[in-house]
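For reference, the structure discussed in these notes is given below.
Chain A is the first sequence line, chain B the second, and so forth, proteins listed ahead of strands; every chain is numbered from 1. Just so you know, these numbers use all the heavy atoms, side chains as well, and skip hydrogens, waters and symmetry mates. These figures come from a predicted structure and were not determined experimentally.
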There are 2 protein chains.
Amino acid sequence: MTKDENSGKRPTLKDVALAAGVSVATASYALNDVGSVGGDTRRHVLEVAARLGYRPNLSAKAMRTGKTSAIGLILPDLTNPFFPALAQNVVHAARESAYSVFVTDTQGSHEAERAAAQALIQRGVDGLIWFPINDEDTLADLTGSLPVLVLDRDNPRHDLIQIDVDSGGRMAAERLIRAGHQRIGVISGPTDVRSSRQRSESSAEVLRRHDALAWHLHNAYSFDLEPAVAAAVADGSATALCVGADLIALGAINTLRQRGLRVPEDVSIIGFDNIPYGALAFPGLSTINIPVEEMGIEAVNTLLRRIAKPTESRRRLVFDVTYVERGTVAPPPAA
Amino acid sequence: MTKDENSGKRPTLKDVALAAGVSVATASYALNDVGSVGGDTRRHVLEVAARLGYRPNLSAKAMRTGKTSAIGLILPDLTNPFFPALAQNVVHAARESAYSVFVTDTQGSHEAERAAAQALIQRGVDGLIWFPINDEDTLADLTGSLPVLVLDRDNPRHDLIQIDVDSGGRMAAERLIRAGHQRIGVISGPTDVRSSRQRSESSAEVLRRHDALAWHLHNAYSFDLEPAVAAAVADGSATALCVGADLIALGAINTLRQRGLRVPEDVSIIGFDNIPYGALAFPGLSTINIPVEEMGIEAVNTLLRRIAKPTESRRRLVFDVTYVERGTVAPPPAA
DNA sequence: CCTAAAAAATGAAACGTTTAATTAAAATGG
DNA sequence: CCATTTTAATTAAACGTTTCATTTTTTAGG
């Protein structure tokens with residue numbers, strides 16, 4: 001009807017106001033449902049906006065309000081199979097609230113971590129969901145009063161979402177004891193992070209109590225076992241393995257197979273993380289499940305609440321883990 | 001020295017200009033290295049900016065210039081093991097050029113795809129890297145003249161980065177023939193996408209020429225085989241399998257094992273994609289490698305060039321694939 | 001009816017940049 | 001040394017919003 005379309009370009013608030021025969025201010029109030037606008041006017045503006053296909057310019061809005069409705073997600077390594085599900089749920093949960101997510105990974109480097117954070121802050125993100133490399137608060141000087149939610153690590157300043165790793169470690173150990181094993185080896189993952197260290201320590205503690213701890217070794221977070229670990233795994237000193245990370249557990253299975261040992265007939269194994277690979281192995285890897293999906297969702301919820309109420313007291317949310325039985329646990333061989 | 005720090009808030013260009021005793025315009029010119037600014041002045045401004053820790057407000061810049069130096073990445077499914085490496089490289093390559101990346105996945109739904117695209121466009125991204133669900137140009141009406149780079153699909157309007165799937169399909173088939181197999185089954189993945197269909201068709205064609213095609217079936221992109229496929233895989237009608245996707249190939253291995261058949265002693269298998277899981281299986285899955293990392297990098301390069309020169313002629317880049325031998329190919333059993 | 005109060009609508013400033021148009025200063029050359 | 005050109009610096013407008021302070025209109029109360 002009215003030939004108000006402004007030649008090609010995306011319509012602006014001014015265009016809407018003009019077309020609706022109303023001031024820019026009123027148009028803004030109407031669209032944002034604030035201020036005092038008459039019912040008829042409001043409806044009319046909305047209708048005109050819809051007709052013109054008006055979409056607010058978020059850059060302009062951001063500049064004026066100082067809020068971008070974007071958040072940053074900083075992860076150690078996207079190709080680590082643990083993270084994609086987390087990222088996915090963060091992105092989806094954010095979208096529910098009309099937030100968009102800048103995703104970055106830092107390849108385990110502190111410099112990259114800082115660079116990423118700087119870039120995001122400069123972009124004006126309203127908050128950060130941060131899975132730090134280790135427990136150090138390497139961004140302390142950068143984040144200032146920016147809302148930050150920290151995942152699976154310790155941090156003295158920010159909201160925390162963590163996992164009850166102790167209970168996970170215990171569950172794994174207890175399951176193997178219950179299966180009748182009496183010589184159980186423990187392989188722990190990265191040792192510079194409390195949440196990782198503690199998984200295996202809890203296992204070890206339980207095993208010690210039952211006098212069933214064969215040995216306790218470390219391995220990098222990797223499919224390849226270090227020689228000492230590989231040797232221990234295959235030398236028959238343990239009939240079962242409690243491993244602090246699925247990826248390492250899969251590596252252990254691989255090593256065992258290469259040396260002609262069968263899982264679970266000769267050696268039982270329980271991992272930790274429940275990464276998707278585990279379900280695809282044959283037999284499926286028994287493991288401790290971490291509710292990554294829920295963590296992702298809760299991370300954005302918590303962060304958005306913090307953005308809304310910056311002064312509310314700090315939160316620390318701890319998620320339960322569960323044991324998922326698949327095919328890598330059996331009674332010890334010479335039963 | 002000079003007590004010009006503006007009480008807590010992030011310093012603005014005005015603060016820099018003030019502190020440097022120069023106009024805002026000059027400060028802007030100096031920092032962006034444009035316009036005519038004296039060498040001394042330029043250095044001085046830079047120095048002051050550094051001292052104050054000035055970082056431009058990107059929202060303001062975006063509003064003024066219409067460029068956000070952000071791009072969007074739209075993927076079908078982040079938890080599909082094929083994508084994280086791609087996403088990672090896109091993010092890193094973008095950062096090299098001071099671009100940030102909004103990552104979204106669409107869970108295979110066309111509506112989600114459109115919603116994601118809309119959100120990104122509204123955000124004012126300078127361009128899109130899009131791995132569509134299928135070959136339909138479902139965003140045609142949304143993208144307008146926005147630079148878009150399409151991955152692994154066909155599209156009549158945008159720059160394309162594709163894979164030489166034909167050669168991949170042929171390589172796989174030829175490798176199995178060369179190993180001595182004469183009854184080879186083909187399982188193709190999703191059939192509604194050319195690039196996926198063609199993988200298996202190329203394999204089948206080669207096999208037909210050698211009179212070695214036992215059968216050609218379809219399976220959804222999934223670890224679980226459909227009953228008919230599972231039956232064919234295990235009924236001895238084929239001594240080798242040419243599979244259009246690693247995930248399905250792993251599912252086939254699993255099915256074979258469950259029915260007491262060994263890989264590769266009884267049945268040889270070659271997959272397609274080279275997803276990370278494959279390397280972790282035992283034995284490792286022989287497969288066709290797609291250079292996802294390079295594709296990710298080249299995607300942002302191509303997109304950024306397109307953003308810079310919107311009128312340049314359309315590009316179509318085709319990446320070679322390679323065969324990677326691991327442990328799932330052997331001569332046929334009754335050799 | 002008139003006035004006071006409440007509701008609706010508006011004008012204009014502000015957010016932090018970039019950049020076109022302008023002016024001021026310095027360099028060049030006859 | 002003056003006129004001209006080149007170089008350097010400045011002023012001010014503009015980008016698309018939100019929102020404060022005002023003005024205009026409507027409603028209510030006596």
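Counted by atom type alone, A:Ser109 and A:Thr106 present zero donor-acceptor pairs between their side chains at under 3.5 Å. A donor-acceptor pair shorter than 3.5 Å cannot be found between the side chains of A:Gln162 and A:Asp152.
Checking side-chain atoms of A:Arg306 against main-chain N and O of A:Glu312 turns up a donor-acceptor pair under 3.5 Å. The closest donor-acceptor contact from the side chain of B:Arg123 to the backbone of A:Thr68 lies under 3.5 Å. At least one donor-acceptor pair under 3.5 Å links the side chain of A:Arg153 to the backbone N or O of A:Ile133.
Within the structure, a side-chain polar atom (N or O) of A:Asn32 is placed less than 4.0 Å from OP1 or OP2 of D:dT18. Residue B:Thr12 places at least one side-chain N or O under 4.0 Å from the OP1 or OP2 atom of C:dT17. Considering only side-chain N and O atoms, B:Thr41 lies nowhere under 4.0 angstrom from the phosphate OP1 or OP2 of D:dA8.
No contact: A:Ser59 has no heavy atom under 4.0 Å from any strand. Nucleic acid contact class of B:Ser23 (heavy atoms, under 4.0 Å, all strands): base. Residue A:Val34 is classed as having no contact, given no heavy-atom separation below 4.0 Å to the nucleic acid. Counting non-hydrogen atoms under 4.0 angstrom, B:Ser28 reaches a base of the nucleic acid.
Straight-line distance from the OH atom of A:Tyr29 to the P atom of D:dT19: 8 Å, rounded to whole Å. Summarising the geometry, the separation between CG on B:Asp15 and P on C:dT17 is reported as 9 Å, rounded to the nearest angstrom. Computed from coordinates, the A:Met63 CE to D:dT19 P distance equals 13 Å when rounded to whole Å. At whole-Å resolution of the value, CG in B:Asn57 and C1' in C:dT18 are 13 Å apart. Rounded to whole Å, the distance from NE2 on A:His44 to C1' on C:dA8 is 16 Å. To the nearest angstrom, P of D:dT19 lies 13 Å from CG of A:Leu31. Rounded to an integer number of Å, the gap from CG of A:Leu13 to P of D:dT19 is 12 Å. D:dT10 atom P lies 14 Å from atom CZ of B:Arg42, rounded to whole Å.
The base of D:dA8 sits within donor-acceptor range of the side chain of B:Ser36, with an N or O pair under 3.5 Å. Side-chain to base pairing of B:Arg64 with C:dT18: one donor and one acceptor N or O lie within less than 3.5 Å of each other.
Positionally, the nearest nucleotide of DNA chain D for B:Val24 lies more toward the 5' end than for the other of B:Thr65 and B:Val24. The residue among A:Thr26 and B:Lys61 whose nearest nucleotide of DNA chain C lies closer to the 5′ end is A:Thr26.
Of the candidate nucleotides C:dT10, C:dT19, C:dG16, C:dT19 has the atom nearest to the side chain of B:Ala25.
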